[in-house]
Amino acid sequence: MPMSETFRIPGHRSHVPTARQRVRKTLAGWGITDDLAADITLSANELVTNAVAHCRVSHAQVRVTLTLLEAYLFLEVHDPDRDRVPRVREHGPDAEGGRGLTLVGQLAHSWGHAQQPHTKCVWARFALPALPAPEGPRVPAGS
């Protein structure tokens, strides 16, 4: 059964750190730490930042969902501006922005977007490290 955590933030840049903290806290609660947690948190930061920066819907809320499903963690960021889809932009070395989706593409196993009836969802999928198999009961030698 998948584990999932969903929360909403107002669609304003000042709430991006709140989203980042909630993601970090959820991951820690699930035992996801170190580099993988940093990659997921940075990706969430980029996707939420894009959602609040580019959404043209007044008083919008951004919904963030993290889901653990088998060998993957899925990060979804929904905003109500369904017709404004993300695209990777070309940027020069001196550009001040435009690298977020490129970064997510490098950190995540895969990413994409989907237009839904009232929102769009930008998602990223992260492969989880293989967990060691649980040890069975020990049988004493010579039994």
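Nothing here was measured: the structure is a model prediction, and the numbers come from that model.
Crowding of Glu70 atom CD: a count of heavy atoms from other residues, nucleotides or ligands under 6.0 Å not exceeding 12. Annotation for Asp35: atom CG does not count as buried by contact number, only 12 or fewer foreign heavy atoms lying within 6.0 Å.
Nearest heavy atom pair, residue Arg82 against residue Pro117, reads CD-O, 3.4 Å. Between Leu36 and Pro129, the shortest heavy-atom distance links the atoms CD2-CD, 3.8 Å. When all heavy atoms are compared, the tightest approach of Trp111 to Gly105 is CD1-CA, 3.6 Å. When all heavy atoms of His12 and Val52 are compared, the closest pair comes out as N-CG1, 3.7 Å. Here the closest heavy-atom approach between residue Thr6 and residue Arg63 is recorded as CG2-CG, 3.5 Å. Closest approach of Gly11 and Val62 over heavy atoms only: CA-CG2, 4.2 Å.
Atom CD of Glu5 and atom OG1 of Thr26 lie 4.0 Å apart (nearest 0.5 Å). One finds the NE2 atom of His15 at 13.0 Å from the CZ atom of Arg22 (value rounded to the nearest 0.5 Å). Remark: Arg20 CZ to Thr41 OG1 distance equals 9.0 Å, nearest 0.5 Å. Note: Arg125 CZ to Leu73 CG = 11.5 Å, rounded to the nearest 0.5 Å. Interatomic distance, Leu47 CG to Leu42 CG, rounded to the nearest 0.5 Å: 9.5 Å. Between atom CZ of residue Arg8 and atom OG1 of residue Thr18 there is a gap of 16.0 Å, rounded to the nearest 0.5 Å.
In terms of hydrophobic clustering, with Ile, Leu, Val, Met, Phe, Trp and Tyr side chains grouped at heavy-atom distances under 4.5 Å, Leu27 and Trp123 are assigned to different clusters.
Between the side chain of Asp81 and the backbone N or O of Val57 there is no donor-acceptor pair closer than 3.5 Å. Counting only distance, with no hydrogens or angles, the side chain of Arg84 and the backbone of His54 share a donor-acceptor pair below 3.5 Å.
The shortest side-chain heavy-atom distance between Val122 and Asn50 does not fall under the 4.5 Å cut-off. Annotation: side chain of Phe7 is in contact with side chain of Val23 (closest heavy-atom distance under 4.5 Å). Here the side chains of Leu75 and Ser43 are in contact, with some heavy-atom distance below 4.5 Å. Residues Trp30 and Leu66 have side chains in contact (heavy-atom distance under 4.5 Å, counting atoms from C-beta outward).
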Please assess Gln115 against Val85 for the test side chain to side chain contact (heavy atoms under 4.5 Å, CB included), listing each intermediate value before the final yes or no.
CA-CA 8 Å; Gln115 290 174 288; Val85 296; 3.8 Å; yes
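Using bins of under 30°, 30° to 60° and over 60° for the plane-to-plane angle, the ring pair Phe74/Tyr72 lands in the tilted bin.
The existence of a salt bridge linking Lys120 and Asp79 is confirmed by a sub-4.0 Å separation between a basic side-chain nitrogen and an acidic carboxylate oxygen.
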